[in-house]
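Counting convention: from 1, in listed order, for ligands and their atoms alike.
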Amino acid sequence: MDREKIMKAAELLRAGKLVAFPTETVYGLGADASNPEALQKIFKAKGRPADHPIIVHLKDASQLPEWVAEIPDNAARLAKEFWPGPLTLILKKASHVDDLITGGQDTIGVRVPKHDIAQALLQTFGGALAAPSANRYGRISPTTAAAVHEELGSAVDMVLEGGQCEVGLESTIVDMTGEHPAILRPGMITSTQIAAVLNQEIATQKKNSPRVSGSLESHYAPITRMRIVHAANIQAYLQDLPSHSLPMIVLSFSDLDAPQVRMPQSPREYAHDLYRVLREADQGQFKQIIVEAVPNTPEWDAIRDRLQRAAFIAPEPE
Ligand code: TXA
Ligand code: MG
(Lines give C-alpha, C1' and ligand atoms only; values in the text may rest on other atoms or scores of the structure.)
(Ligands and ions follow the chains in the order given, each with its own letter.)
Protein backbone atom coordinates (compact mmCIF):
# COMPACT_ATOMS: atom_id res chain seq x y z
CA MET A 1 0.00 0.00 0.00
CA ASP A 2 1.19 3.49 -0.87
CA ARG A 3 1.32 5.42 2.44
CA GLU A 4 1.94 8.70 0.67
CA LYS A 5 -1.24 8.37 -1.37
CA ILE A 6 -3.23 7.63 1.78
CA MET A 7 -1.75 10.72 3.48
CA LYS A 8 -2.56 12.83 0.44
CA ALA A 9 -6.12 11.46 0.35
CA ALA A 10 -6.66 12.20 4.04
CA GLU A 11 -5.37 15.74 3.48
CA LEU A 12 -7.82 16.27 0.59
CA LEU A 13 -10.69 14.98 2.73
CA ARG A 14 -9.76 17.39 5.53
CA ALA A 15 -9.87 20.18 2.95
CA GLY A 16 -13.44 19.22 2.02
CA LYS A 17 -12.57 17.41 -1.22
CA LEU A 18 -13.92 14.13 -2.63
CA VAL A 19 -11.83 10.95 -2.61
CA ALA A 20 -13.01 7.69 -4.14
CA PHE A 21 -11.71 4.61 -2.37
CA PRO A 22 -12.07 0.84 -2.63
CA THR A 23 -14.09 -1.15 -0.14
CA GLU A 24 -14.71 -4.89 -0.13
CA THR A 25 -18.14 -4.30 -1.75
CA VAL A 26 -17.78 -1.53 -4.36
CA TYR A 27 -15.82 1.73 -4.64
CA GLY A 28 -17.17 4.56 -2.49
CA LEU A 29 -17.18 8.29 -3.17
CA GLY A 30 -15.91 9.63 0.15
CA ALA A 31 -16.32 12.99 1.87
CA ASP A 32 -15.79 14.19 5.44
CA ALA A 33 -19.08 13.20 7.12
CA SER A 34 -18.94 16.24 9.40
CA ASN A 35 -18.45 18.81 6.62
CA PRO A 36 -21.76 19.87 4.96
CA GLU A 37 -20.00 21.60 2.06
CA ALA A 38 -18.09 18.42 1.27
CA LEU A 39 -21.35 16.44 1.48
CA GLN A 40 -22.97 18.80 -1.04
CA LYS A 41 -20.23 17.91 -3.50
CA ILE A 42 -21.20 14.23 -3.36
CA PHE A 43 -24.71 15.01 -4.60
CA LYS A 44 -23.36 17.21 -7.35
CA ALA A 45 -20.76 14.69 -8.52
CA LYS A 46 -23.28 11.84 -8.63
CA GLY A 47 -26.25 13.82 -9.95
CA ARG A 48 -28.15 12.37 -7.00
CA PRO A 49 -31.44 13.76 -5.55
CA ALA A 50 -30.88 15.57 -2.23
CA ASP A 51 -33.29 13.43 -0.21
CA HIS A 52 -31.27 10.24 -0.64
CA PRO A 53 -29.35 9.34 2.53
CA ILE A 54 -25.66 8.38 2.53
CA ILE A 55 -23.92 5.61 4.47
CA VAL A 56 -21.33 6.75 7.02
CA HIS A 57 -18.16 4.65 7.13
CA LEU A 58 -16.31 4.17 10.42
CA LYS A 59 -12.93 2.65 11.18
CA ASP A 60 -14.48 0.46 13.87
CA ALA A 61 -17.50 0.17 16.16
CA SER A 62 -15.84 2.35 18.83
CA GLN A 63 -16.83 5.38 16.69
CA LEU A 64 -20.52 4.40 16.73
CA PRO A 65 -21.56 6.47 19.79
CA GLU A 66 -20.42 9.64 17.98
CA TRP A 67 -22.96 9.02 15.20
CA VAL A 68 -25.93 7.17 16.63
CA ALA A 69 -28.33 7.96 19.49
CA GLU A 70 -28.43 4.40 20.81
CA ILE A 71 -27.02 0.96 20.08
CA PRO A 72 -29.69 -1.71 20.59
CA ASP A 73 -28.39 -5.12 21.72
CA ASN A 74 -29.31 -6.74 18.40
CA ALA A 75 -27.35 -4.12 16.49
CA ALA A 76 -24.32 -4.64 18.73
CA ARG A 77 -24.56 -8.38 18.05
CA LEU A 78 -24.61 -7.90 14.27
CA ALA A 79 -21.74 -5.40 14.43
CA LYS A 80 -19.67 -7.82 16.49
CA GLU A 81 -20.35 -10.69 14.10
CA PHE A 82 -20.06 -8.97 10.72
CA TRP A 83 -17.82 -5.87 11.12
CA PRO A 84 -15.55 -5.12 9.48
CA GLY A 85 -17.60 -6.38 6.56
CA PRO A 86 -20.38 -5.83 3.99
CA LEU A 87 -23.19 -4.95 6.41
CA THR A 88 -24.86 -1.55 6.91
CA LEU A 89 -26.95 -0.94 10.02
CA ILE A 90 -29.73 1.66 10.08
CA LEU A 91 -29.91 3.17 13.58
CA LYS A 92 -31.34 6.27 15.26
CA LYS A 93 -29.02 9.15 14.46
CA ALA A 94 -27.11 11.29 16.95
CA SER A 95 -28.57 14.81 17.12
CA HIS A 96 -25.68 16.58 15.34
CA VAL A 97 -25.83 14.45 12.17
CA ASP A 98 -26.42 16.57 9.06
CA ASP A 99 -29.67 16.24 7.08
CA LEU A 100 -27.58 15.65 3.96
CA ILE A 101 -26.45 12.33 5.46
CA THR A 102 -29.85 11.21 6.68
CA GLY A 103 -32.02 12.60 3.88
CA GLY A 104 -33.81 14.53 6.61
CA GLN A 105 -34.79 11.37 8.52
CA ASP A 106 -34.04 10.57 12.16
CA THR A 107 -31.97 7.52 11.18
CA ILE A 108 -28.44 6.97 9.89
CA GLY A 109 -26.78 4.15 7.93
CA VAL A 110 -23.39 3.09 9.30
CA ARG A 111 -20.85 0.49 8.33
CA VAL A 112 -17.24 -0.55 8.99
CA PRO A 113 -15.66 -1.60 5.69
CA LYS A 114 -13.21 -4.46 5.38
CA HIS A 115 -10.54 -3.42 2.92
CA ASP A 116 -6.94 -2.53 3.75
CA ILE A 117 -7.07 0.75 1.85
CA ALA A 118 -10.46 1.82 3.23
CA GLN A 119 -9.21 1.00 6.73
CA ALA A 120 -5.90 2.84 6.25
CA LEU A 121 -7.76 5.86 4.90
CA LEU A 122 -10.27 5.91 7.79
CA GLN A 123 -7.50 5.57 10.35
CA THR A 124 -5.29 8.24 8.81
CA PHE A 125 -8.20 10.62 8.27
CA GLY A 126 -9.41 10.01 11.82
CA GLY A 127 -13.06 10.99 11.31
CA ALA A 128 -15.97 9.29 9.58
CA LEU A 129 -16.47 9.17 5.81
CA ALA A 130 -19.81 9.61 4.12
CA ALA A 131 -19.60 7.49 0.99
CA PRO A 132 -22.22 6.38 -1.52
CA SER A 133 -21.13 4.09 -4.35
CA ALA A 134 -18.84 6.03 -6.71
CA ASN A 135 -21.14 5.95 -9.75
CA ARG A 136 -23.44 8.47 -11.42
CA TYR A 137 -26.96 8.26 -10.00
CA GLY A 138 -28.85 5.15 -11.10
CA ARG A 139 -25.90 3.49 -12.80
CA ILE A 140 -23.93 0.33 -12.05
CA SER A 141 -21.64 0.62 -9.02
CA PRO A 142 -17.91 0.62 -9.83
CA THR A 143 -15.86 -2.40 -8.75
CA THR A 144 -12.55 -1.13 -10.19
CA ALA A 145 -10.74 2.22 -10.07
CA ALA A 146 -11.04 2.44 -13.88
CA ALA A 147 -14.83 2.20 -13.55
CA VAL A 148 -14.78 5.11 -11.07
CA HIS A 149 -12.90 7.24 -13.60
CA GLU A 150 -15.41 6.21 -16.27
CA GLU A 151 -18.33 7.21 -14.02
CA LEU A 152 -17.12 10.40 -12.38
CA GLY A 153 -14.17 11.73 -14.38
CA SER A 154 -12.91 15.04 -12.99
CA ALA A 155 -15.83 15.36 -10.52
CA VAL A 156 -13.69 13.41 -8.03
CA ASP A 157 -10.46 14.92 -6.67
CA MET A 158 -8.60 11.63 -6.19
CA VAL A 159 -9.22 7.92 -6.76
CA LEU A 160 -7.34 5.43 -4.59
CA GLU A 161 -6.48 2.33 -6.62
CA GLY A 162 -7.31 -0.93 -4.88
CA GLY A 163 -7.84 -3.55 -7.56
CA GLN A 164 -11.15 -5.29 -8.12
CA CYS A 165 -13.52 -5.36 -5.14
CA GLU A 166 -13.73 -8.76 -3.53
CA VAL A 167 -17.49 -8.94 -2.84
CA GLY A 168 -18.57 -6.96 -5.91
CA LEU A 169 -22.11 -6.03 -4.75
CA GLU A 170 -23.20 -3.34 -2.29
CA SER A 171 -23.55 -4.14 1.42
CA THR A 172 -26.61 -5.74 3.02
CA ILE A 173 -28.68 -2.98 4.67
CA VAL A 174 -30.57 -3.92 7.84
CA ASP A 175 -32.97 -1.50 9.48
CA MET A 176 -32.63 -1.90 13.25
CA THR A 177 -35.02 0.92 14.16
CA GLY A 178 -38.36 -0.88 13.76
CA GLU A 179 -40.07 -3.43 15.95
CA HIS A 180 -38.24 -6.19 14.08
CA PRO A 181 -35.00 -6.01 12.08
CA ALA A 182 -35.74 -5.74 8.34
CA ILE A 183 -33.50 -6.08 5.32
CA LEU A 184 -33.83 -2.98 3.13
CA ARG A 185 -31.27 -4.12 0.56
CA PRO A 186 -30.06 -7.72 0.23
CA GLY A 187 -26.31 -8.26 0.04
CA MET A 188 -23.87 -11.13 0.29
CA ILE A 189 -24.46 -11.35 4.04
CA THR A 190 -27.78 -13.18 3.74
CA SER A 191 -31.01 -13.02 5.71
CA THR A 192 -30.24 -16.59 6.83
CA GLN A 193 -26.90 -15.51 8.35
CA ILE A 194 -28.50 -12.53 10.11
CA ALA A 195 -31.39 -14.62 11.38
CA ALA A 196 -28.90 -17.14 12.81
CA VAL A 197 -27.06 -14.46 14.80
CA LEU A 198 -30.25 -12.81 16.10
CA ASN A 199 -32.10 -16.08 16.56
CA GLN A 200 -35.23 -14.73 14.86
CA GLU A 201 -36.75 -14.56 11.40
CA ILE A 202 -35.78 -11.57 9.29
CA ALA A 203 -38.13 -9.84 6.87
CA THR A 204 -36.97 -8.39 3.58
CA GLN A 205 -38.80 -5.19 2.78
CA LYS A 206 -40.51 -5.55 -0.58
CA LYS A 207 -42.08 -2.18 -1.19
CA ASN A 208 -40.16 0.56 -2.92
CA SER A 209 -39.47 3.72 -1.02
CA PRO A 210 -37.05 6.54 -1.62
CA ARG A 211 -35.58 5.87 1.85
CA VAL A 212 -33.25 3.51 0.14
CA SER A 213 -32.25 4.92 -3.21
CA GLY A 214 -31.31 1.45 -4.35
CA SER A 215 -34.90 0.42 -3.76
CA LEU A 216 -36.23 2.45 -6.67
CA GLU A 217 -37.04 -0.11 -9.31
CA SER A 218 -34.76 1.15 -12.04
CA HIS A 219 -31.34 1.33 -10.47
CA TYR A 220 -27.94 -0.24 -10.84
CA ALA A 221 -28.80 -0.27 -14.51
CA PRO A 222 -26.78 -0.59 -17.71
CA ILE A 223 -27.73 1.65 -20.66
CA THR A 224 -28.15 -1.35 -22.94
CA ARG A 225 -31.56 -3.05 -22.80
CA MET A 226 -31.34 -6.06 -20.54
CA ARG A 227 -33.62 -9.08 -20.18
CA ILE A 228 -33.68 -11.97 -17.70
CA VAL A 229 -34.68 -15.27 -19.30
CA HIS A 230 -35.11 -18.68 -17.65
CA ALA A 231 -32.66 -21.35 -18.77
CA ALA A 232 -35.38 -23.48 -20.35
CA ASN A 233 -36.52 -20.57 -22.55
CA ILE A 234 -33.19 -19.18 -23.70
CA GLN A 235 -32.89 -21.11 -26.99
CA ALA A 236 -36.43 -20.15 -28.04
CA TYR A 237 -35.87 -16.55 -26.97
CA LEU A 238 -32.68 -16.31 -29.03
CA GLN A 239 -34.35 -17.83 -32.09
CA ASP A 240 -37.16 -15.28 -31.94
CA LEU A 241 -34.94 -12.23 -31.46
CA PRO A 242 -35.73 -9.57 -34.07
CA SER A 243 -32.77 -8.27 -36.05
CA HIS A 244 -32.97 -4.86 -34.37
CA SER A 245 -31.99 -6.62 -31.12
CA LEU A 246 -28.73 -7.85 -32.65
CA PRO A 247 -25.90 -8.10 -31.87
CA MET A 248 -26.61 -9.40 -28.38
CA ILE A 249 -24.67 -11.12 -25.62
CA VAL A 250 -25.88 -13.78 -23.17
CA LEU A 251 -24.67 -14.10 -19.57
CA SER A 252 -25.33 -17.74 -18.77
CA PHE A 253 -24.23 -20.69 -16.68
CA SER A 254 -24.31 -23.25 -19.47
CA ASP A 255 -22.58 -23.40 -22.82
CA LEU A 256 -24.72 -21.97 -25.61
CA ASP A 257 -24.42 -21.74 -29.34
CA ALA A 258 -24.44 -17.94 -29.11
CA PRO A 259 -22.14 -15.04 -28.13
CA GLN A 260 -21.91 -15.41 -24.38
CA VAL A 261 -20.09 -14.84 -21.12
CA ARG A 262 -20.03 -17.98 -19.00
CA MET A 263 -20.97 -16.96 -15.44
CA PRO A 264 -19.69 -18.77 -12.32
CA GLN A 265 -21.92 -21.33 -10.57
CA SER A 266 -21.04 -20.06 -7.11
CA PRO A 267 -22.93 -16.95 -5.88
CA ARG A 268 -19.75 -15.55 -4.33
CA GLU A 269 -17.86 -15.63 -7.63
CA TYR A 270 -20.92 -14.52 -9.61
CA ALA A 271 -21.33 -11.44 -7.39
CA HIS A 272 -17.63 -10.68 -7.68
CA ASP A 273 -17.83 -10.68 -11.50
CA LEU A 274 -21.32 -9.32 -12.23
CA TYR A 275 -20.82 -5.53 -12.34
CA ARG A 276 -17.53 -5.84 -14.20
CA VAL A 277 -19.14 -8.11 -16.83
CA LEU A 278 -22.20 -5.84 -17.16
CA ARG A 279 -20.01 -2.76 -17.50
CA GLU A 280 -17.91 -4.44 -20.20
CA ALA A 281 -21.05 -5.52 -22.07
CA ASP A 282 -22.48 -2.00 -21.81
CA GLN A 283 -19.99 -0.14 -24.00
CA GLY A 284 -22.48 0.26 -26.85
CA GLN A 285 -21.34 -2.82 -28.79
CA PHE A 286 -24.56 -4.78 -28.11
CA LYS A 287 -28.25 -4.00 -28.62
CA GLN A 288 -29.31 -6.35 -25.87
CA ILE A 289 -27.89 -8.12 -22.80
CA ILE A 290 -29.67 -11.37 -21.97
CA VAL A 291 -29.09 -12.89 -18.55
CA GLU A 292 -29.97 -16.43 -17.58
CA ALA A 293 -32.13 -16.33 -14.43
CA VAL A 294 -30.26 -17.27 -11.25
CA PRO A 295 -31.46 -19.74 -8.59
CA ASN A 296 -34.27 -18.78 -6.23
CA THR A 297 -32.37 -19.41 -2.97
CA PRO A 298 -31.24 -16.96 -0.22
CA GLU A 299 -27.58 -16.96 -1.19
CA TRP A 300 -28.62 -15.61 -4.62
CA ASP A 301 -30.99 -12.94 -3.18
CA ALA A 302 -28.62 -10.00 -3.66
CA ILE A 303 -27.70 -11.05 -7.19
CA ARG A 304 -31.34 -11.63 -8.18
CA ASP A 305 -32.23 -8.24 -6.71
CA ARG A 306 -29.55 -6.37 -8.70
CA LEU A 307 -30.36 -8.25 -11.92
CA GLN A 308 -34.05 -7.38 -11.60
CA ARG A 309 -33.25 -3.71 -11.07
CA ALA A 310 -30.81 -3.68 -13.96
CA ALA A 311 -33.42 -5.24 -16.24
CA PHE A 312 -36.21 -2.87 -15.24
CA ILE A 313 -37.49 -0.95 -18.25
CA ALA A 314 -39.03 2.38 -17.38
CA PRO A 315 -42.47 2.94 -18.93
CA GLU A 316 -42.43 5.06 -22.11
CA PRO A 317 -43.42 8.66 -21.39
CA GLU A 318 -47.00 9.36 -22.55
O1 TXA B 1 -21.49 -1.43 0.00
C2 TXA B 1 -21.97 -0.32 0.17
O3 TXA B 1 -22.90 -0.10 0.96
C4 TXA B 1 -21.37 0.84 -0.63
C5 TXA B 1 -19.93 1.06 -0.17
C6 TXA B 1 -19.29 2.25 -0.80
O7 TXA B 1 -19.90 1.14 1.23
N8 TXA B 1 -22.14 2.01 -0.50
C9 TXA B 1 -23.35 2.17 -1.10
O10 TXA B 1 -23.89 3.44 -0.91
O11 TXA B 1 -23.90 1.30 -1.74
P12 TXA B 1 -25.13 3.97 -1.77
O13 TXA B 1 -25.34 5.39 -1.35
O14 TXA B 1 -24.92 3.73 -3.20
O15 TXA B 1 -26.30 3.13 -1.21
C16 TXA B 1 -26.60 3.25 0.13
C17 TXA B 1 -28.01 2.95 0.40
C18 TXA B 1 -28.90 3.91 -0.34
O19 TXA B 1 -29.88 3.15 -1.02
C20 TXA B 1 -29.46 4.76 0.78
O21 TXA B 1 -30.75 5.22 0.48
C22 TXA B 1 -29.44 3.80 1.94
O23 TXA B 1 -28.24 3.12 1.77
N24 TXA B 1 -29.42 4.48 3.22
C25 TXA B 1 -28.45 5.22 3.75
N26 TXA B 1 -28.84 5.77 4.92
C27 TXA B 1 -30.10 5.34 5.13
C28 TXA B 1 -31.08 5.56 6.15
N29 TXA B 1 -30.82 6.35 7.17
N30 TXA B 1 -32.26 4.94 6.03
C31 TXA B 1 -32.54 4.16 4.98
N32 TXA B 1 -31.68 3.92 3.98
C33 TXA B 1 -30.48 4.51 4.04
MG1 MG C 1 -25.31 3.33 -5.02
Side-chain angles (χ1 to χ4, degrees), residues 18-31 33 39 42-43 45-58 67-69 82-94 97-115 117-119 121-122 128-143 147-148 151-152 159-160 162 165-178 182-189 205 207-221 271 275 302 305-306 309-310:
L18 300 181
V19 174
F21 61 96
T23 80
E24 76 279 31
T25 58
V26 300
Y27 277 70
L29 177 62
L39 295 171
I42 289 183
F43 290 88
K46 282 185 63 100
R48 187 184 206 190
D51 61 346
H52 286 245
I54 307 176
I55 296 173
V56 170
H57 295 66
L58 310 173
W67 293 92
V68 308
F82 296 114
W83 283 355
L87 178 75
T88 296
L89 297 174
I90 306 295
L91 297 168
K92 292 280 182 203
K93 76 177 188 85
V97 179
D98 200 286
D99 277 348
L100 288 168
I101 287 180
T102 64
Q105 306 169 87
D106 62 354
T107 59
I108 180 173
V110 280
R111 104 175 176 92
V112 175
K114 183 181 181 174
H115 188 291
I117 293 175
Q119 275 293 332
L121 181 63
L122 282 162
L129 291 178
S133 51
N135 50 278
R136 303 266 319 151
Y137 178 66
R139 304 265 303 120
I140 303 168
S141 296
T143 53
V148 177
E151 286 289 323
L152 298 174
V159 181
L160 286 171
C165 300
E166 190 191 326
V167 176
L169 292 184
E170 305 82 357
S171 60
T172 307
I173 302 181
V174 193
D175 185 355
M176 303 302 293
T177 65
I183 293 187
L184 303 187
R185 179 176 72 184
M188 294 311 280
I189 292 177
Q205 185 179 281
K207 65 175 190 295
N208 293 307
S209 83
R211 289 190 66 189
V212 183
S213 68
S215 76
L216 298 177
E217 277 177 330
S218 174
H219 212 79
Y220 310 106
Y275 284 167
D305 171 75
R306 301 312 188 278
R309 293 175 199 292

- How about Ser133: does one of its N, O or S atoms come closer than 2.8 Å to the Mg ion (ligand 2)? yes
- Using a strict 4.0 Å cut-off to heavy atoms of His57, name the atoms of ligand 1 that fall inside it. 5 (C), 6 (C), 7 (O)
- Message: For a 4.5 angstrom cut-off between non-hydrogen side-chain atoms, does Leu91 reach Trp67?
- Response: no
- Query: Considering only heavy atoms of Ser171, which atoms of ligand 1 have at least one such atom less than 4.0 Å away?
  - Reply: 1 (O), 2 (C), 3 (O)
- Message: So if I count the atoms of ligand 1 from 1 in the order they appear, which ones are less than 4.0 Å from some heavy atom of Ile108?
- Response: 29 (N)
- Do Val68 and Ile108 come within less than 4.5 Å of each other through their side chains, counting heavy atoms only? yes
- Item | Lys46-ligand 1 polar pair, N/O distance under 3.5 Å | no
- Note on the structure: Within the 4.0 Å heavy-atom cut-off, what Arg111 brings close to ligand 1 is side chain
- Query: Counting heavy atoms only, which part of Lys93 comes closer than 4.0 Å to ligand 1: side chain, backbone, both or neither?
  - Reply: neither
- Indicate whether the side chain of Ser171 and that of Thr88 have a donor and an acceptor atom separated by less than 3.5 Å. yes
- Query: Relative to ligand 1, is Lys92 under 4.0 angstrom through side chain, backbone, both or neither, heavy atoms considered?
  - Reply: neither
- Item | Numbering as shown, the atoms of ligand 1 that approach Ile173 to under 4.0 Å (heavy-atom distance) | 17 (C), 22 (C), 23 (O)
- Should the pair Arg111-Glu24 be classified as a salt bridge under the 4.0 Å nitrogen-to-oxygen rule? yes
- Query: Under 4.0 Å between a Lys/Arg side-chain N and an Asp/Glu carboxylate O for Arg139 and Glu151?
  - Reply: yes
- Message: Quick check against the 3.5 Å criterion: does Lys46 have a side-chain atom that pairs as donor or acceptor with the backbone of Ser133?
- Response: yes
- So, the side chain of Gln119 versus the backbone of Lys114: is there a donor-acceptor pair under 3.5 Å, distance only? no
- Message: Any carboxylate oxygen within less than 4.0 angstrom of a Lys/Arg side-chain nitrogen, looking at Arg306 and Glu170?
- Response: yes
- Query: Going by the atom numbers of ligand 1, which of them fall below 4.0 Å from some non-hydrogen atom of Ile90?
  - Reply: 27 (C), 28 (C), 30 (N), 31 (C), 32 (N), 33 (C)
- Using side-chain contact (heavy atoms from CB on, under 4.5 Å) as the criterion, point out the one residue from Leu169, Ile173, Thr172 that pairs with Arg185. Ile173
- Message: Measuring only between side-chain heavy atoms, which start at C-beta, is Leu122 closer than 4.5 Å to Phe21?
- Response: no
- Message: Only heavy atoms of Gly28, strictly under 4.0 Å: list the atoms of ligand 1 that pass.
- Response: 6 (C)
- Item | ligand 1 to Arg185 polar contact by distance, N or O atoms, under 3.5 Å | yes
- Query: Quick one: does Thr107 get an N or O within less than 3.5 Å of an N or O on ligand 1?
  - Reply: yes
- Does Ile55 have a non-hydrogen atom less than 4.0 Å from ligand 1? yes
- Hey, which atoms in ligand 1 end up nearer than 4.0 Å to a heavy atom of Glu170? 1 (O), 11 (O)
